[in-house]
Amino acid sequence: MFIAFMNFLASLGFGIIFDLRGKKLIAASINGTLGGIVYNILLDPYGSVMALFCASVTISIFAMVMARILKCPTTILLISALVPLVPGGMMYYTVLDFINGDMALALNDAIKTFTDVGAIVIGIVIVSGLEIAMRKLIKRASLRSPDH
Amino acid sequence: MEKDYGDRLAKVLTRIGVILTKSGADVHRVEDTMQRICKAYGASVIDAYVTPSLLIISFSFSDREGLFHNIKRIYTSSYDLNKIDAINSLSREVCVSPISLDDLDKKLDQIDSDHGYPDYTLVLAAALASFSFAFIFGGGIYEALCALVVGAIVMIFDKLVSKIELGSFLKNIFSGALLTGLSMIISNIFMVDRDIVIIASIMLLVPGLIITNAVRDSVNGDLISGITRAIEAIFIAVAVSLGSGVILLLGGI
């Protein structure tokens, strides 16, 4: 609960840095909270890749739905919610191991950073792909209607 | 219809595209917005091509002669999601009921001159974000307070440096170095976990926005923009790591 609130604050901070306003700022922060909750629930049983993937899918779907409701682009609700999931910590540990001269551990951490980013990316890819497919369907339907 | 209507329309359209691209919209949205508005103003055959650094629009009218184009080179970007949103709603309005090109230009002036939150709010937001990141990464209240200070200083540095156009790579090296150095000093003074303070404030420099855009562009089929942005994200991550790595080495880890 406490961590979820901290996720909310982190997304709120990023929302302000990227200049979101009003309802959209709150929606993006709630989106970040959702992602944080999903990530924390799934982290222990399934590991970080699965947790990040599910969190990123949740965030993308919520952003897509809220964008339809608030009539704004999906991206602006997506970005500040996704930033807290990016593995900045792993990136730092990679550098730290590199400097320590522990190449095996550094490589291990580098690969983990990439797989973590990959998990987030695949989450966005799947939902964005669905969104594009939906958009094309709607376009086709509106072209067929006689008043267009 | 006045004589230079097409040329003026082309100028306004590229202006819309430039604002959107600079603010960090995905390429598909920029092309789509330009094409929609162009159509709403009566053009028939419309082609728009956008990458993060170049913008091309070409269109013609079915009821008059001439082919109109405009090309714009984009150099710097300043991410501002509110502008994307504002242009999106403007485009919705305009597509339903087109206003005169002068009015459209004035509205764009209005959107473009909005600089968003004042600098001190951004500093507070950065402090808040790194404060909460410290808890997310398993720190206690003392780590969080140290991260708060470091996050605020990183943001102040970012705002100062953005005035002298250092370039993204150098700026991120310096930001990474500053953040790591400060965290090391502060965590030594207050006896807190150095790693958590560094991670909590390094999250401010992580290229989350660019990664998201790179992915969305690639999925949309705009592979050139996707690759450009992916490389940009990797460059930023490398720069930040380089900066903090050098300081870690100098500081004897």
Side-chain angles (χ1 to χ4, degrees), chain A residues 2-3 5-21 24-25 28 36 39-40 70-96 98-100 113 117 120-129 131-132 135, chain B residues 23-26 28-29 79-85 88-89 92 114-117 121-122 124-137 151 155 195-196 198-200 202-209 211-216 218-221 237 240-242 244-245 248-249 253:
Chain A
F2 178 69
I3 294 294
F5 181 62
M6 283 302 143
N7 265 302
F8 179 82
L9 289 185
S11 299
L12 186 74
F14 268 103
I16 296 173
I17 290 174
F18 290 136
D19 194 21
L20 281 174
R21 314 264 171 92
K24 283 134 202 162
L25 179 59
Y39 174 72
N40 279 309
L70 295 173
K71 292 204 186 324
C72 64
T74 315
T75 337
I76 69 171
L77 299 177
L78 197 60
I79 285 166
S80 58
L82 275 176
V83 169
L85 295 180
V86 176
M90 265 352 265
M91 191 179 95
Y92 168 71
Y93 284 124
T94 310
V95 179
L96 194 63
F98 217 65
I99 306 277
N100 276 328
T113 313
V117 173
I120 299 174
V121 164
I122 293 169
I124 313 172
V125 164
I126 289 175
V127 182
S128 306
E131 194 186 349
I132 292 163
R135 200 160 55 202
Chain B
S23 307
D26 39 339
H28 173 82
R29 173 162 300 281
Y79 300 111
D80 189 332
L81 301 181
N82 186 50
K83 281 185 187 164
I84 301 177
D85 187 36
N88 184 50
S89 11
R92 273 171 197 273
D114 184 352
H115 292 300
Y117 291 102
T121 317
L122 293 182
L124 281 181
L128 180 73
S130 42
F131 176 79
S132 30
F133 275 128
F135 285 110
I136 293 172
F137 290 114
M155 196 59 176
D195 290 351
I196 288 174
I198 294 182
I199 294 173
I202 225 172
M203 290 302 283
L204 292 174
L205 302 176
V206 160
L209 187 148
I211 293 176
T212 315
N213 270 337
V215 176
R216 285 180 68 87
S218 308
V219 178
N220 274 322
V240 173
S241 313
L242 203 68
S244 69
L248 281 172
L249 256 184
I253 311 202

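Reminder, nothing fancy here: chain letters follow the sequence lines and each chain counts from 1. These figures come from a predicted structure and were not determined experimentally.
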Checklist outcome for this item: Looking only at B:Leu242, B:Leu204, B:Ile211, B:Asn213, most heavy-atom pairs under 4.5 Å shared with chain A are made by B:Leu204
Next on the checklist: I'd like to know whether CZ of B:Phe137 has more than 12 heavy-atom contacts from other residues, nucleotides or ligands below 6.0 angstrom.
Outcome noted: yes
Item to check | A:Pro84 versus B:Met203, closest heavy-atom pair with distance | outcome: O-CE, 3.6 Å
Next on the checklist: At a 4.5 Å cut-off on heavy atoms, which part of A:Tyr93 comes close to chain B: side chain, backbone, both, or neither?
Outcome noted: side chain
Checklist outcome for this item: Residue set satisfying side chain to side chain contact (heavy atoms under 4.5 Å, CB included) with A:Ile132, at least two apart, ordered chain then number -> A:Arg135, A:Lys136, B:Val219, B:Asn220
Checklist outcome for this item: Among B:Leu124, B:Asp85, B:Ile202, the residue with the most heavy-atom pairs under 4.5 Å to chain A is B:Asp85
Next on the checklist: Looking at every heavy atom in both A:Gly13 and B:Ala129, which two are closest together, and how far apart are they?
Outcome noted: CA-CB, 4.3 Å
Next on the checklist: If I take atom OG from residue A:Ser128 and atom NE2 from residue B:His28, how far apart are they, to the nearest 0.5 angstrom?
Outcome noted: 11.5 Å
Item to check | A:Phe8: partners by ring pair (Phe, Tyr, Trp, His ring centres under 6.0 Å), with sequence neighbours left out | outcome: none
Checklist entry - Which heavy atom of A:Pro73 sits nearest a heavy atom of B:Ile84, and at what distance? => result CG-CG2, 3.8 Å
Next on the checklist: Give me the atom names and distance for the closest heavy-atom approach of A:Leu78 to B:Arg216.
Outcome noted: CD2-NH1, 3.8 Å
Checklist entry - At a heavy-atom separation under 4.5 Å, does A:Leu25 approach chain B through its side chain, its backbone, both, or neither? => result side chain
Next on the checklist: Rounded at 0.5 Å granularity, tell me how far CG in B:Asp26 sits from OG1 in A:Thr75.
Outcome noted: 4.0 Å
Next on the checklist: Taking side chain as everything from C-beta outward and backbone as N, CA, C, O, which of these in A:Val95 sits under 4.5 Å from a heavy atom of chain B? Side chain, backbone, both or neither.
Outcome noted: side chain
Checklist entry - With respect to chain A, which residue among B:Val215, B:Thr212, B:Ile196, B:Leu209 yields the maximal number of heavy-atom pairs within a distance under 4.5 Å? => result B:Leu209
Checklist entry - Nearest 0.5 Å, what's the CD1-CZ distance between A:Ile3 and B:Phe135? => result 8.5 Å
Item to check | Which atoms of B:Ser89 approach chain A - backbone, side chain, both or neither, heavy atom under 4.5 Å | outcome: neither
Item to check | Contact winner vs chain A - B:Asp195, B:Ile198, B:Val240, heavy-atom pairs under 4.5 Å | outcome: B:Asp195
Checklist entry - What distance separates B:Asn88 CG from A:Ile76 CD1, expressed to the nearest 0.5 Å? => result 7.5 Å
Checklist outcome for this item: Between B:Val206 and A:Gly88 the two heavy atoms that sit nearest each other are CG2-CA, 3.8 Å
Checklist outcome for this item: Taken to the nearest 0.5 Å, the spacing of A:Met6 CE from B:Phe131 CZ works out to 5.5 Å
Checklist outcome for this item: Heavy atoms of A:Ile16 and B:Leu122 approach each other most closely as O-CD2, 3.5 Å
Checklist entry - Measuring heavy-atom distances to chain B, does A:Leu9 have an atom under 4.5 Å in its side chain, in its backbone, in both, or in neither? => result both
Next on the checklist: For the backbone of A:Leu20 and the side chain of B:Tyr117, can you confirm whether one donor and one acceptor N or O come within less than 3.5 Å of each other?
Outcome noted: yes
Checklist entry - A:Phe98 versus chain B, heavy atoms under 4.5 Å apart: side chain, backbone, both or neither? => result neither
